[in-house]
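No experiment lies behind these values; they were computed from the predicted model shown.
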Amino acid sequence: MALQTESSWASHGGRLSVHTHDSETLQCPMTFGVFVPPQASQGAVPVIWYLSGLTCTWANVMEKSGLQRAAAELGVVVVAPDTSPRGDHVANDEAYDLGQGAGFYLTATQQPWAPHFAMDRYITEELSTLVAAEFPVDMARQGITGHSMGGHGALTLHLKHPDVFRSVSAFSPIVSPSNVPWGQKAFTNYLGADRQAWQQYDATSLVMNAPSAAKILIDTGDADQFYDEHLEPSAFLKACKDAGQAVEYRKQPGYDHSYYFVASFIADHLAHHAAVL
């Protein structure tokens, strides 16, 4: 897991850097971005994981959200993994919502995806170990957030590992993937036709069976072009209510699915995590 630094920039008193390594879990090279705040020079600080959405890489949030200012003020590290395995030998699809760029933060069981697609294990096992070894982070204080497909990943990883990811939030998350086209396509290809196997990666199902002690923060724009077809949260919010899961759901007027939306509320989300961590 030798780490190679590809780029590094001073930012808001801290440092944004981009790294590559050969992943044993995914069997391909992987790239991720890290922002380290100035407070880390005095000792280990909390770490917040940001999971990106379909077609994205580490660069989308680090280049478009402006998170560095808030992360520097709050004294938190932010880690942005890639969204899927990549490479000429990695299975892919011509569509944007399957294959490279569309890992869905799960472990695939179907061919041709199974040899490489295991983004959940990559983040929780391999990359977390690497980050702990290479950066000044307190791994007892981890939070997780994400956008769209990454919001799905953040919610499911938190609900499955609440003692690891102690705080959680999401931007425009796919909260019920088993029941919307994006999720159904991905789950059928990666996991097969057995819908029971899908439930371990569906936030609505997970929260019904095992709510966490955390308060979930979710923001979605009321002008989001994907809201009705892919993001509509009523089933998830009902499941949270029935299970006793604390959740703050905010439908932001005039905002769409873009990074203009994420940039508008990223400081709120980082503050939500910092208050817990």
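In this structure, the side chains of Asn189 and Gln110 stay at 4.5 Å or more apart for every pair of heavy atoms. A heavy-atom distance below 4.5 Å is found between the side chains of Leu51 and Ile123. The shortest side-chain heavy-atom distance between Met139 and Ser128 falls under the 4.5 Å cut-off. Between His152 and Trp182 there is no side-chain heavy-atom pair separated by less than 4.5 Å. Looking at Pro233 and Thr220, their side chains never come closer than 4.5 Å, going by heavy atoms from C-beta outward. Val137 places a side-chain heavy atom less than 4.5 Å from the side chain of Val131. The shortest distance between side-chain heavy atoms of Pro177 and Tyr201 does not fall below 4.5 Å. At a threshold of 4.5 Å between non-hydrogen side-chain atoms, the residues Met30 and His21 count as touching.
For residues 42-66, the set of pairs meeting the salt bridge (Lys or Arg N to Asp or Glu O under 4.0 Å) definition, not counting sequence neighbours, is empty. Among pairs with a residue in residues 64-95, those fulfilling ring-ring contact (aromatic ring centres under 6.0 Å, His included) read His89-His116, at least two apart in sequence or across chains. Applying the salt bridge (Lys or Arg N to Asp or Glu O under 4.0 Å) test to every pair with at least one member in residues 258-277, sequence neighbours left out, gives these pairs: Arg250-Asp268.
In this structure, Ser41 has no side chain to side chain donor-acceptor pair (under 3.5 Å) partners at least two apart in sequence or on a different chain. Legend: residues meeting ring-ring contact (aromatic ring centres under 6.0 Å, His included) with His272, ordered by chain and number and at least two apart, are absent. A search for ring-ring contact (aromatic ring centres under 6.0 Å, His included) contacts involving His257 returns His147, Phe226, not counting sequence neighbours. Looking at residues two or more places apart in sequence or on another chain, you find no side chain to side chain donor-acceptor pair (under 3.5 Å) involving Thr156. For the salt bridge (charged side-chain N to carboxylate O under 4.0 Å, His left out) test, residues two or more places apart in sequence or in another chain that qualify with Asp242 are Lys238. Residues passing the side chain to side chain contact (heavy atoms under 4.5 Å, CB included) test with Ser17, sequence neighbours excluded: Ser8, His19, Val34, Phe135.
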Passes side chain to side chain contact (heavy atoms under 4.5 Å, CB included), Leu231 versus Ile174? Steps please. CA-CA 5 Å; Leu231 309 176; Ile174 307 170; 3.9 Å; yes

Begin from the C-alpha positions of Phe187 and Arg195 and carry the test side chain to side chain contact (heavy atoms under 4.5 Å, CB included) through to its verdict. CA-CA 8 Å; Phe187 286 1; Arg195 294 179 67 94; over 6 Å; no

Please assess Asp202 against Ser178 for the test side-chain hydrogen bond (donor to acceptor under 3.5 Å, both in side chains), listing each intermediate value before the final yes or no. CA-CA 6 Å; Asp202 188 302; Ser178 298; 2.8 Å; yes

Check against side chain to side chain contact (heavy atoms under 4.5 Å, CB included), Tyr122 and Asp82: CA-CA 10 Å; Tyr122 168 69; Asp82 203 345; over 6 Å; no

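Distance CH2/Trp113 to CG/Asp93: 5.0 Å, rounded to 0.5 Å. Between Thr129 atom OG1 and Glu134 atom CD the span is 11.5 Å, to the nearest 0.5 Å. Between the CD atom in Glu125 and the OG atom in Ser23 there is a gap of 10.5 Å [rounded to 0.5 Å]. A distance of 3.5 Å separates OG1 of Thr25 from CD of Glu126, quoted to the nearest 0.5 Å. A distance of 10.0 Å separates CG of Leu54 from OG of Ser84, quoted to the nearest 0.5 Å.
The only option from Leu206, Val164, Ile144 that meets the side-chain contact (heavy atoms from CB on, under 4.5 Å) definition with Leu157 turns out to be Ile144. Just one of Met119, His161, Lys160 meets the side-chain contact (heavy atoms from CB on, under 4.5 Å) condition when paired with Thr124; it is His161.
Ser172 and Asp224 are linked by a side-chain donor-acceptor pair at a separation below 3.5 angstrom, with hydrogens and angles left out of the test. Gln68 and Ser11 share no side-chain donor-acceptor pair at under 3.5 Å. Between the side chains of Asp120 and Thr107, at least one donor N or O lies within less than 3.5 Å of an accepting N or O.
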Which donor-acceptor pairs under 3.5 Å do the side chains of residues 97-104 make with protein atoms, sequence neighbours left out?
unit_1, atom_1, unit_2, atom_2, d
Asp97, OD1, Lys185, NZ, 2.8
Gln100, OE1, Gly87, N, 3.3
Gln100, NE2, Gly87, O, 3.0
Gln100, NE2, Val90, O, 3.0

Check: residues 208-217 side-chain donor-acceptor pairs under 3.5 Å, at least two apart:
unit_1, atom_1, unit_2, atom_2, d
Asn209, ND2, Ser205, O, 3.0
Ser212, OG, His158, NE2, 2.7
Ser212, OG, Ala214, N, 3.2
Ser212, OG, Gln245, OE1, 3.4

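Among all heavy-atom pairs drawn from Ala203 and Leu159, the shortest one is O-CD1, 3.8 Å. Smallest separation of non-hydrogen atoms from Thr83 and Gly53: CG2-O, 3.4 Å. Across all their heavy atoms, Gly146 and Ala154 have their closest contact at N-CB, 3.9 Å. Ala91 approaches Pro112 most closely through the heavy-atom pair CB-O, 3.5 Å. Nearest heavy-atom pair across His230 and Pro181 is CE1-CB, 3.6 Å. Looking at every heavy atom in both residues, Gly150 comes nearest to Tyr105 through CA-CE1, 3.6 Å.
A donor-acceptor pair under 3.5 Å links the side-chain atoms of Arg166 to the main chain of Ala140, judged by distance alone. With hydrogens and angles ignored, the 3.5 Å screen pairs no side-chain donor or acceptor of Asp138 with any backbone N or O of Val45. Without hydrogens or angle criteria, Gln39 side chain to Ala72 main chain gives a donor-acceptor distance under 3.5 Å.
The environment of Arg69 atom CZ is sparse: at most 12 non-hydrogen atoms of other residues, nucleotides or ligands sit within 6.0 angstrom. More than 12 heavy atoms of other residues, nucleotides or ligands shown are found within 6.0 angstrom of OH on Tyr96. Atom CD of Glu6 has more than 12 heavy atoms from other residues, nucleotides or ligands within 6.0 Å.
Membership of the apolar cluster around Val76 extends to Trp9, Leu16, Val18, Phe35, Ile48, Tyr50, Trp58, Val61, Met62, Leu67, Leu74, Val78, Phe171, Tyr255, Tyr259, Phe261, Val262, Phe265, Ile266, Leu270, Val276, Leu277, as traced through chained side-chain contacts below 4.5 Å between ILVMFWY residues.
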